[in-house]
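Computed over heavy atoms, backbone and side chain alike; hydrogens, waters and symmetry mates excluded. Since this is a predicted model, take the numbers as computed values, not measurements.
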Amino acid sequence: MSTPVIDTNVQPHFRYNAEIRRYLSDAHQLRAIPDVEQQWYQAPGGDYRQDLYGEQYPGSDPETVGRHLFEDTGVDYAILNPLTRGNIADYLLNSRICAAVNDWLLDRWLEPDTTHRYADRFRGTIRVNPEDPRGAVAEIERLADHPKLVQVGIPMQSREPYGKPMFEPIWEAAAAHGLPVAVHINGGNGVDHAPTFAGHAHTYPGYAAFMPLNYFVHLATLIIEGVFGRLPNLKFVFADGGYDILTPLMWRLDTFWLSMRDQTPWVDRYPSEYLPGHVRFCSSAFDGPLETAQTPRWMEFSGKTDLLMYGSSYPHWSTSSPDVAAQGLDAEQRDKVLWRNAHELYGLKERV
């Protein structure tokens, strides 16, 4: 029997930008809402896989997405993590948009009475607005008991690192319900800071190459501020990859922690020792050594074999198949990356 496959990073899209208004209250339907595609940087040749452009918007039809993932690629389950609209200055409107995205996801993709045949093989994400902690907690409480919603989703773009105290009520609510928190680069950027620490990159390659460093800022503060220590059940999923830079940055964090423990007495172990119990990464076409013969050895550093999950990034241009994502892995690593790590995190069956 071939290895089961769980795809942990799929972005479903609205059929058209105004479709979201069907899921907003009357008071919000006439508000100005950014287009999810209004981004500063776009990939050369288009943001989506070339063969997906046609009559339908890429990633907008459950039947087509299901056929591509489950029939053509051999995926058993797919975790849907829809984009919202980035950080909007009106944080209350942003929270309403997140709720509308969640209702749309249930209505069109997940509920058993939907018209497509793949509803039982999709799982979903509760999108929340971190800049509205009270509203985010309320949205988690509203939907946490739904059996097909398996994680909480937040944008990578943030005006403060996620280890800061103002966000902790959100992480407490997620951990209390056993829901991992997935961090993903969002669309429709509104009032974000520059995407790099030193300002704006000129080109998409510069933007894409430096973006994972923002993940590390979130991860480092979650450890150093003691969030993982206070919430032993909290897990974060960094959905856009970046695991290839994890080891050198964690080595550096371990070194500084060792010499400055008087400033972080609540961090009771090496920062790298928090990774297995709290952190997962989705695979990315950008990550890993160029020579696949080095991949098994590279996966040993920082215990990446237990941290990495297959995520295709469908329908984006960088979509990778399970065989490509597992290229160079040994049998045990392949088994963990393609399904076992996700199976343990989300509690999914081995096979459909």
Side-chain angles (χ1 to χ4, degrees), residues 11-42 47 57 59-60 80-108 124-143 149 151-171 173-174 181-197 199-201 207 211 214-215 217-218 236 238-240 316:
Q11 278 76 59
H13 290 286
F14 288 94
R15 289 171 288 185
Y16 46 91
N17 192 53
E19 185 179 10
I20 190 175
R21 297 183 186 278
R22 296 171 51 188
Y23 299 89
L24 290 168
S25 66
D26 292 342
H28 293 96
Q29 284 187 3
L30 299 180
R31 293 290 300 276
I33 300 174
D35 189 323
V36 73
E37 286 198 310
Q38 287 183 348
Q39 303 184 64
W40 290 108
Y41 301 94
Q42 288 199 344
D47 280 341
Y57 194 85
S60 65
L80 304 176
N81 189 4
L83 305 181
T84 56
R85 293 298 191 275
N87 292 323
I88 300 172
D90 184 342
Y91 70 92
L92 295 177
L93 173 61
N94 203 6
S95 295
R96 300 290 80 73
I97 289 173
C98 288
V101 169
N102 296 333
D103 291 338
W104 163 81
L105 188 68
L106 289 170
D107 179 51
R108 183 154 169 76
T125 301
I126 304 170
R127 292 306 306 251
V128 301
N129 173 22
E131 296 198 341
D132 177 19
R134 182 178 298 178
V137 170
E139 188 68 0
I140 292 172
E141 297 296 337
R142 179 174 80 95
L143 296 172
L149 295 172
Q151 65 184 5
V152 173
I154 57 175
M156 188 281 300
Q157 298 94 330
S158 174
R159 287 180 280 185
E160 292 286 347
Y162 284 139
K164 291 292 187 72
M166 72 277 288
F167 299 116
E168 196 155 340
I170 307 173
W171 317 147
V181 178
V183 188
H184 192 284
I185 296 173
N186 218 336
N189 297 348
V191 290
D192 297 335
H193 284 313
T196 78
F197 305 142
H200 289 277
Y207 165 80
M211 188 58 69
N214 292 278
Y215 283 121
V217 173
H218 291 313
F236 263 69
F238 295 101
D240 283 292
H316 294 97

Review point. Which atom names give the shortest non-hydrogen contact between Asn87 and Glu131, and what distance separates them?
Key: CG-OE2, 4.3 Å

**Study point:** Distance (rounded to the nearest 0.5 Å) between Leu149 CG and Ile126 CD1
**Key:** 5.0 Å

Revision key, fill the gap. Taking every heavy atom of Asn186 against every heavy atom of Pro155, the minimum-distance pair comes out as ND2-CB, 3.5 Å

Review point. Can you tell if the side chain of Leu106 reaches within under 4.5 Å of the side chain of Leu143, non-hydrogen atoms only?
Key: yes

Review point. Can a salt bridge be assigned to the pair Asp103 and Arg142 using a cut-off of 4.0 Å between side-chain N and carboxylate O?
Key: yes

Practice item. Could you tell me whether a side-chain N or O of Arg127 sits under 3.5 Å from a main-chain N or O of Pro82, the two making a donor and an acceptor? Key: yes

Check your understanding: Under a 4.5 Å cut-off applied to non-hydrogen side-chain atoms, are Ile154 and Trp171 in contact?
Key -> yes

Review point. Is there a donor-acceptor pair closer than 3.5 Å between any side-chain N or O of Ser158 and the backbone N or O of Glu160?
Key: yes

**Study point:** Whether Gln42 side chain and Asp47 backbone form a donor-acceptor pair below 3.5 Å
**Key:** no

**Study point:** Shortest non-hydrogen contact from Leu105 toward Gly124
**Key:** CD2-CA, 3.9 Å

Review point. Taking the side chain as C-beta and beyond, is there a heavy-atom pair between Asp240 and Tyr215 under 4.5 Å?
Key: yes

Review point. So, the side chain of Gln11 versus the backbone of Leu83: is there a donor-acceptor pair under 3.5 Å, distance only?
Key: no

Study note, to complete from the structure: Between Leu93 and Ala32, the two heavy atoms sitting closest are CD2-O, 3.9 Å

Practice item. Test Asp90 against Arg31 for side chain to side chain contact (heavy atoms under 4.5 Å, CB included), laying out the working first. Key: CA-CA 11 Å; Asp90 184 342; Arg31 293 290 300 276; 2.7 Å; yes

Review point. Which heavy-atom pair separates Gly153 from Thr125 by the least distance, and what is that distance?
Key: N-CG2, 3.3 Å

Review point. Is there a side chain to side chain contact (heavy atoms under 4.5 Å, CB included) between Arg21 and Ile33 once you walk through the steps?
Key: CA-CA 9 Å; Arg21 297 183 186 278; Ile33 300 174; 3.7 Å; yes

Review point. Are any side-chain N or O atoms of Arg108 and backbone N or O atoms of Ser60, one a donor and one an acceptor, separated by less than 3.5 Å?
Key: yes

Practice item. Check whether any side-chain heavy atom of Leu92 lies under 4.5 Å from a side-chain heavy atom of His28, and answer yes or no. Key: no

Check your understanding: Taking side chain as C-beta onward, heavy atoms only, is Pro133 less than 4.5 Å from Ile170?
Key -> yes

Review point. Any sub-3.5 Å donor-acceptor pair from Asp132's side-chain atoms to Asn94's backbone N or O?
Key: no

Practice item. Using a 4.5 Å cut-off on heavy atoms from C-beta on, say whether the side chain of Glu139 contacts that of Val152. Key: no

Review point. If you count the non-hydrogen atoms of other residues, nucleotides and ligands that lie under 6.0 Å from OH in Tyr91, is the total more than 12?
Key: no

Check your understanding: Tyr162: what forms a side chain to side chain donor-acceptor pair (under 3.5 Å) with it, not counting sequence neighbours?
Key -> none

Check your understanding: Are any non-hydrogen side-chain atoms of Asn102 and Tyr23 less than 4.5 angstrom apart?
Key -> no

Practice item. State whether the side chain of Asn214 and the backbone N or O of Gln157 hold a donor-acceptor pair below 3.5 Å, judged by distance alone. Key: no

Review point. Are any side-chain N or O atoms of His218 and backbone N or O atoms of Met156, one a donor and one an acceptor, separated by less than 3.5 Å?
Key: yes

Point to revise | Nearest heavy-atom neighbours spanning Trp104 and Glu19 | key: NE1-OE2, 3.7 Å

**Study point:** Test item: Val181 and Phe167 side chains (from C-beta on) under 4.5 Å apart, heavy atoms
**Key:** no

**Study point:** Arg22 side chain vs Ala100 backbone, donor-acceptor pair below 3.5 Å
**Key:** no

